[in-house]
Amino acid sequence: MMRRTTAGGGDRRWGPLAAVCLGAWACLAVAAPPPPVEEPPVTLRRFALFVGSSEGGEGRERLRYAGSDALAMSRVLEELGGVAVADRVLLLEADRKGLLAALERMRVLVEAAAAEGVRSELLLYYSGHSDADGLLPRGERLTYAALKAGLGAVPVDVRIAILDSCGSGALTRFKGGVHRPGFLMDAASQVRGHAYLASSSADEVAQESDTIGASFFTHFLVTGLRGAADASGDGRVTLHEAYQFAFHETLARTERTQGGPQHAAYDIQLAGSGDLVLTDLRTSRVRLTVAEDVQGRLFVRDWGNQLVAELQKPAGRRLALGLEAGRYHVVLERPSQRLEAELTVSPKGGSELRAEHFVPMTLTRTAARGGTDVRAEALSTGEPVTLGDMPSVPFNLSLVPPLATTALWGGGGRNHLALGVLGVRSVQLQGLGGAVGVGWVDGTVEGFQVSGVANVAGGEIFGLQAAFGGNLAFGGGTGGQMSAVFNMAERDFTGFQVSTTANRAAARLRGVQAAVGINLAERLAGAQVGLINISGDVAGAQVGLINVAGDVRGVQLGLINIADDVSVPIGILSIVRKGRFVLELSADDVMPLSVGIKYGSRTVYVLATTGVGIGEKSLRTFLNLGLGVHVPLDAADRYSLDVDLSYGSWQPNFYGGSGPKNTLFRMRATLGWELKRRFALFGGVSLNAYDPSSQDEDRDVSWLPQWKLGRGPGGVRLWPGLLVGVRI
């Protein structure tokens, strides 16, 4: 008999061993736990309220950087923190009532956005005055108890409050708040509770600095959120990492200041699992990567000489900073070396900074016989050189840089008079600068800068720039810009911009923009007057043919107005995303049938009405335009009062022709009752003034009694009227 073999040629004697192995595998398979089921990711929606208040009331010094600190926090959380523009509120120079109203607005916004499976977080940032008892926006006290109550009324899973103000640490110990080591070992997908961060302890002052153009705490917190605090190197910055970075850097920079050491404080009461991530650099392609071989203290400035990041970079650690695309100047300070580098951060992938990019700084000594080189010392720390620190070089006469008299004094200094033919360049200007071509100042301008082609200021301007071509202030400033072509301010600007073509304020403008062409502002507190006006949030007025804005606390006056929300829109077409648009069908003593539309904001509307009246001999057509106010009489707007004033004309001949046109002025007051959503009944009274254009008195314009004013067959007639209708 032939022996049977397996397909692999094995002998049957391996059968029992195979059976044992198979059985053991089966037992292990039964005993082993099933693979973990991966839970679906939980969606997160983050809401934010940023508040900057410079005034603290009588006896308190006005803060310089409260508003810009709030803007800086808003930018970094919009760019890297997942805060959508529609989910954030920026409140500058608000009082107590305005702050509470903003918290209520956040509550309504969060409730309207509630959705199943979506976690929500609220972040409040406040930069301003405070004391041990509460915040002091514009000198009006908001107690910490009221602040916590306002935050608690917003229905979110996590509440984060960051207060950069004097004595704000009192909030963290108020009603049982305690310091806890090693907080936030918890997933943003599961965390619940609150986190309160304060820039100073309860008995300390919070300090701001002209050298960094911000408060110390916010400056380092923003730097940390941009990636400097990412100690784990995972591309994410948690609340714990951001706090630790801001705490240590703030303490280190304030130990020798006049205000003394400043200690940040916290009260964290969070429960759950995972880390509470504040910013995620992995979502941004615009990054400055710092290589492992770079070691020392880094000062990163944008091309407008503004300090955007400052940190101690250890050797062997690779880190990334989420920055805006553009050119940057970086100073690297070591115990025995001062180096600098210039680079461009690309919008499509960023840039990498390595040790080989740095070169020794070229410093000009400005003191002799044992004196201190102030300019070199300031540059070595990466701090901007103030006017008081610069050597004075009164006159700067230039053909074209570097062919200038400043070369005799080492190439730089503070000029009081700088005159050039093709161009003139100064490190600082305190006085008058003039050129037929281009006037250029690397730093701050205090005074008057006039050129035939263009003026450029790398820092702030405190005065006036005037040019036939254009003006550019990288550091913003206070004063004015006048040109025939364009004006541009890259930072906050207070004053006016006047040109025939275009004005642009890349940050916040407080004042007036006036142009025959286009006005652009990121945020506006004042007025824009031009052909086309475009802005973010506006507190003031936009006057032009076309006005476009976000939230407008004021007036839009133009042919076309477009806004998310607006207090008073006046125009032929006003498109308001959060406004009202209603259709009305009505009958009154003048027109048995009329159709009207009301469109505009929630309180102010434009009225357009057309209708038909019945005369003795023919039908009359009617067209009226006006402006009105809508007043809700209850919280749900079921009952309302509308008051409007309109002007229009009658055409006696319904079929056209050359007959006279008579004018009719009307003031109406109507009460509305909403029976169902978007359907209401209304009724009311009117006061009418009719002026016939001919001696034909046309008394049958209304069947109600009329009173004639003036003598002669013509004259104006007055009468009260009645109206009823439906509103859709």
Side-chain angles (χ1 to χ4, degrees), residues 569-574 576 579-631 637 639-657 659-676 678-694 696-707 716-728:
I570 303 175
I572 301 299
L573 177 61
S574 295
V576 184
R580 297 175 70 244
F581 184 91
V582 298
L583 173 68
E584 292 184 346
L585 303 176
S586 63
D588 56 35
D589 60 292
V590 176
M591 293 171 291
L593 177 63
S594 67
V595 179
I597 58 172
K598 296 176 178 178
Y599 58 89
S601 70
R602 286 170 288 187
T603 56
V604 179
Y605 59 84
V606 174
L607 170 68
T609 306
T610 184
V612 177
I614 302 176
E616 286 185 4
K617 302 178 181 179
S618 64
L619 297 178
R620 305 181 182 90
T621 57
F622 170 82
L623 177 63
N624 243 40
L625 294 174
L627 193 67
V629 178
H630 173 79
V631 181
D637 201 10
Y639 303 97
S640 61
L641 171 66
D642 283 17
V643 179
D644 51 61
L645 181 66
S646 62
Y647 163 83
S649 65
W650 280 96
Q651 176 65 49
N653 188 351
F654 179 76
Y655 300 103
K661 292 184 179 181
N662 305 327
T663 56
L664 177 66
F665 298 87
R666 311 192 80 185
M667 184 171 70
R668 308 187 310 172
T670 60
L671 290 173
W673 176 26
E674 189 175 67
L675 298 178
K676 289 187 174 294
R678 297 189 177 91
F679 183 84
L681 300 178
F682 69 89
V685 296
S686 64
L687 179 62
N688 305 279
Y690 180 63
D691 183 14
S693 60
S694 66
D696 180 10
E697 296 186 9
D698 195 15
R699 288 188 173 274
D700 63 345
V701 65
S702 171
W703 49 269
L704 291 174
Q706 304 165 32
W707 293 269
V716 177
R717 295 202 305 278
L718 301 176
W719 73 94
L722 302 171
L723 68 153
V724 294
V726 296
R727 181 179 298 151
I728 303 173

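These figures come from a predicted structure and were not determined experimentally. The first residue in the sequence is number 1, and the count goes up from there.
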Separation between CG of Leu623 and OG of Ser646, rounded to the nearest 0.5 Å: 10.0 Å

My understanding is that only residues two or more places apart in sequence, or in another chain, count here; which of them pass ring pair (Phe, Tyr, Trp, His ring centres under 6.0 Å) with Tyr599? none

Please tell me if the side chains of Arg668 and Leu607 come closer than 4.5 Å, counting only heavy atoms from C-beta onward. yes

Got a sec, which residues hit side chain to side chain contact (heavy atoms under 4.5 Å, CB included) with Val643, two or more places apart in sequence or on another chain? Leu641, Ala669

For Val685, check side chain to side chain contact (heavy atoms under 4.5 Å, CB included) against everything at least two apart and list the hits. Leu722

Using side chain to side chain contact (heavy atoms under 4.5 Å, CB included) as the criterion, list what pairs up with Ser601, not counting sequence neighbours. Val566, Pro569, Thr603, Val604

Ignoring hydrogens, what is the shortest heavy-atom contact between Gly611 and Met591? Give both atom names and the distance. CA-SD, 3.6 Å

Phe679 versus Val726: any side-chain heavy-atom pair under 4.5 Å? yes

Partners meeting ring pair (Phe, Tyr, Trp, His ring centres under 6.0 Å) with Phe581 (sequence neighbours left out): none

Out of curiosity, Asp644 CG to Thr670 OG1, how far, rounded to the nearest 0.5 Å? 6.5 Å

What's the spacing between Phe665 CZ and Asn624 CG if we round to 0.5 Å? 9.5 Å

Give every residue pair that meets the side chain to side chain donor-acceptor pair (under 3.5 Å) criterion with at least one member in residues 583-593, sequence neighbours excluded. Glu584-Lys598, Glu584-Arg727, Ser586-Ser594, Asp588-Arg666, Asp589-Ser702, Asp589-Trp719

Note: Leu718 and Ala689 closest approach over all heavy atoms is CD2-CB, 3.5 Å

Val629: what forms a side chain to side chain contact (heavy atoms under 4.5 Å, CB included) with it, not counting sequence neighbours? Val631

All heavy atoms of Gly721 vs all of Leu704, minimum pair found to be CA-CD1, 3.7 Å

What verdict does the side chain to side chain contact (heavy atoms under 4.5 Å, CB included) test give for Val595 and Leu583, after you've listed the backbone C-alpha separation in whole Å, the side-chain angles of each residue and the deciding distance to 0.1 Å? CA-CA 7 Å; Val595 179; Leu583 173 68; 3.7 Å; yes

Here the salt bridge (charged side-chain N to carboxylate O under 4.0 Å, His left out) pairs for residues 602-614, sequence neighbours left out, are Asp565-Arg602

Any heavy-atom pair between the side chains of Thr663 and Tyr647 that's under 4.5 Å? yes

Which distance, rounded to the nearest 0.5 Å, do you find between the CG of Asn688 and the CG of Leu664? 5.5 Å

I'd like to know whether Ile728 forms a side chain to side chain contact (heavy atoms under 4.5 Å, CB included) with Val582, so could you lay out the CA-CA distance, the side-chain angles of the two residues, the decisive distance to 0.1 Å, and finally the verdict. CA-CA 6 Å; Ile728 303 173; Val582 298; over 6 Å; no

Check: Tyr639 and Leu671 side chains under 4.5 Å, non-hydrogen atoms: no

To the nearest 0.5 Å, atom NZ of Lys676 lies from atom CZ of Arg678 at 13.5 Å

Could you grab the distance from atom OG of Ser686 to atom CE of Met667, nearest 0.5 Å is fine? 9.5 Å

Salt bridge (Lys or Arg N to Asp or Glu O under 4.0 Å) partners of Arg580, counting only residues at least two apart: none

Thr609: partners by side-chain hydrogen bond (donor to acceptor under 3.5 Å, both in side chains), with sequence neighbours left out: none

